[in-house]
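Okay, so here's the structure we're looking at.
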Amino acid sequence: MASIMSLPSVAQDVPPLVKQLNNGNWLPQAEAEALRDELFYQRAIHAYVTMIPAMNTIGMRDGSEVAFGKGYNVLPIWKSRMDSRAWIPTPNGDVIYSLTFLDLKDAGPLVVAAPPNVIGMFTDLFQRTITDVGLIGPDRARGGLYLLLPPDYDGKIPQGYFAFRSQTNNVMLFFRTVMGKGATAPDPKQAVEMAEQTRIYPLWASEKDVKPMQFPDGSGKRVNMMYPIDNAFWTKLKAFVDYEPVSAIDPELRGVLASIGIVKGQPFNPTTKQQELLKKAVETAPKMILANRQLGRPDDRNLYYKDRQYENVWAGATSEWLQDSYLDVDQRAGFFQIAFSSAPAMVMHTLGAGSKYPTARKDANGEFLNGSNSYRLRLPPNAPAALFWAVTLYNITDGTMVETAQLMPSINSLNEAIAKNTDGSIELWFGPSKPANVADTNFIQTVPNRNFIATVRLYGTGVSFFDQSWKPDDVVKVN
């Protein structure tokens, strides 16, 4: 019998992970707890970045309901245009907004009688487009009856409707109607009258039981429709998860949410330490998104032109944020930090019907736009915008309008008083004070010591935009 001394020695080579992970032993308790907390924090960051499209919409819905009430028959309209007193991501004060949120779980299938010539869409609460409405939609700007079905609807679908099923119980209705031209300012009258033709009612309700429409006026009111910046972000997210069907969120993302304690139908009771980590995440994640926007993409897909600073906020992706081989989660997060609504009409190269939004965050020298400076923007003649063009200034952090005594930080072609050069080009000026000899109609005031972005809107985009024979000049610093 061999002695113990004659047994072969233990091999010195070990598997790589044995060597890497504490020589094959459990971690010290304190280190294990610290790493678990770090993973919790990273998952919270991931949850914020991936859920910002939904939280963006939830902020708008909750703010609207506080200001105007709720119900399928309540359709707020900004009847004298939306200005900087409305805190909402990148609003367009150059059209009349009709914006509301419909609860298909509460009301059941809803019919929306859309007026003609609407530029709009329905999206689910995750801002996945259900359908465009208007020229790019199935009604082709003639108006029509849209039938919105809940995710779990299994009943009959009657004929005569443009019928669509939502992936969430909550649906956003977002209509824009175009104002008429005016001698000194756009005329909103016809656009408001058109918007007020909208009718919304439950599919199976009799006429006598349908609630009459209400059209509260949002203009001139301070309305906060932004998503939360504190731990209310997580409690509202939990409410969203509980209310919506399981199918509204893919299983992997549900797993991320579960890892921070957000599970449908189960209590959400983070520990004191976890509450601190959630607070840290909700403060850090938006900075990370902002940093990505600030530093730009290495592939330059976000640039519209080779010789201009203007950016495409979709970065060449589809309206669903699909690049050739992946879902562009960073670009999507950057968009929904400052904007809402992403529909095919905004992305497709549709002649004379869609819309485009070249956006400048830097001047011609590649320096970030700053409200302490004065700038000039020249738009060449014959802008390819069959409906109208507009230029609006926004805060970089959340896409709210730059707010000064001017209140409306936007200029559009519907104002016939805008000063033009002899060749038909137009010069617009931005700065803390209006330069001498610049017309009031051509000036937008800025906030000193605060960065801003300038967005050019082209509605009814023409071919010269797509072949780039027409391009807005870069924003030029003049002092």
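Because the structure is a prediction, the values reported are computed rather than measured.
- Between Y459 and Y357, the ring planes are perpendicular. Angles over 60° get that label, and only those under 30° would be called parallel.
- Using a 4.0 Å cut-off between charged nitrogen and carboxylate oxygen, E38 and R43 do not count as a salt-bridge pair.
- The closest side-chain heavy-atom distance from N451 to N395 is not below 4.5 Å.
- Side chains of D37 and Y41 form no contact here, defined as non-hydrogen atoms less than 4.5 Å apart.
- F233 has its ring centre no less than 6.0 Å from the ring centre of Y227.
- Residue D330 holds its CG atom at 8.0 Å from CZ of R297, rounded to the nearest 0.5 Å.
- Screening K279, K280, K287 for a salt bridge (Lys or Arg N to Asp or Glu O under 4.0 Å) with E283, the sole residue that qualifies is K279.
- Look at D300 and K306 and you find no salt bridge, because none of the NZ, NE, NH1 or NH2 atoms lies under 4.0 Å from a carboxylate O.
- More than 12 heavy atoms of other residues, nucleotides or ligands shown are found within 6.0 angstrom of NZ on K221.
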Inset, instruction - May I have the step-by-step check of side-chain hydrogen bond (donor to acceptor under 3.5 Å, both in side chains) for N170 and E244, ending in yes or no? - result: CA-CA 8 Å; N170 283 266; E244 298 296 344; 2.9 Å; yes
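- Under the ring pair (Phe, Tyr, Trp, His ring centres under 6.0 Å) rule, F175 has a single partner from F122, W78, Y97, which is F122.
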Inset, instruction - List the steps and the verdict of side-chain hydrogen bond (donor to acceptor under 3.5 Å, both in side chains) for D124 and S166. - result: CA-CA 6 Å; D124 71 9; S166 173; 5.0 Å; no
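- Under the rule for a salt bridge (charged side-chain N to carboxylate O under 4.0 Å, His left out), R457 has no partner lying at least two apart in sequence or in another chain.
- Y304 has its ring centre less than 6.0 Å from the ring centre of F465.
- Nearest approach of A353 to L135, heavy atoms of both residues: CB-CD2, 3.1 Å.
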Legend entry - Intermediate values then yes/no, side chain to side chain contact (heavy atoms under 4.5 Å, CB included), I260 and F40: CA-CA 6 Å; I260 59 172; F40 182 96; 3.8 Å; yes
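- Ring geometry for F430 versus F452: interplanar angle over 60°, hence perpendicular rather than tilted (30 to 60°).
- Summarising the geometry of F101 relative to T57, their closest heavy-atom pair is CE2-CG2, 3.5 Å, with the distance given to 0.1 Å.
- To the nearest 0.5 Å, atom CG of residue D467 and atom NE2 of residue H349 are 11.5 Å apart.
- Side-chain contact check for Q127 versus N56: some heavy-atom pair is nearer than 4.5 Å.
- The aromatic rings of W321 and W314 lie parallel to each other, their planes meeting at an angle below 30°, with 60° marking the opposite boundary.
- Remark: the R301 side chain and the Q323 side chain contain an N/O donor-acceptor pair separated by less than 3.5 Å.
- Closest of all the heavy-atom pairs between M82 and M408 is O-CE, 3.4 Å.
- Once rounded to the nearest 0.5 Å, the distance linking CG of N312 with OH of Y305 reads 10.0 Å.
- Atom CD1 of I229 sits in a sparse spot, with 12 or fewer heavy atoms from other residues, nucleotides or ligands closer than 6.0 Å.
- A cation-pi arrangement is present between K105 and Y243 under the rule of less than 6.0 angstrom and at most 45 degrees off the ring axis.
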Inset, instruction - With salt bridge (charged side-chain N to carboxylate O under 4.0 Å, His left out) as the test, would you mind laying out the steps for R361 and E367 before giving the verdict? - result: CA-CA 8 Å; R361 59 194 178 99; E367 297 177 350; over 6 Å; no
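- Crowding of R378 atom CZ: a count of heavy atoms from other residues, nucleotides or ligands under 6.0 Å exceeding 12.
- With 3.5 Å as the limit, one finds a donor-acceptor pair spanning the side chains of T400 and D398.
- A heavy-atom distance below 4.5 Å is not found between the side chains of T397 and I338.
- Within a 6.0 Å radius of CZ in R36, no more than 12 heavy atoms belonging to other residues, nucleotides or ligands are found.
- The two residues I96 and R81 make their nearest non-hydrogen contact at CD1-N, 3.9 Å.
- Ion pair R332/D328 not flagged as a salt bridge, since none of the NZ, NE, NH1 or NH2 atoms sits closer than 4.0 Å to an Asp/Glu carboxylate oxygen.
- Of the residues listed (N302, T455, T90), the one engaging T359 in a side chain to side chain donor-acceptor pair (under 3.5 Å) is T455, and it is the only one.
- Y146 is not listed as a side-chain neighbour of I130, based on a closest heavy-atom distance of 4.5 Å or more.
- What you find for V74 and T100 is that their closest heavy atoms are O-OG1, 2.8 Å.
- Because its NZ or CZ atom is both nearer than 6.0 Å to the ring centre of F368 and within 45° of the ring axis, K362 counts as a cation-pi partner of that residue.
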Inset, instruction - Could you check N370 against R450 for side chain to side chain contact (heavy atoms under 4.5 Å, CB included), going step by step and ending with a plain yes or no? - result: CA-CA 6 Å; N370 189 298; R450 184 182 297 169; over 6 Å; no
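- No salt bridge links R254 with D250; every basic N to acidic carboxylate O contact stays at or beyond 4.0 Å.
- Pairing each heavy atom of M121 with each of S341, the nearest pair is SD-CB, 3.5 Å.
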Inset, instruction - Go through V171 and T123 one step at a time and tell me if the side chain to side chain contact (heavy atoms under 4.5 Å, CB included) criterion holds. - result: CA-CA 6 Å; V171 170; T123 80; over 6 Å; no
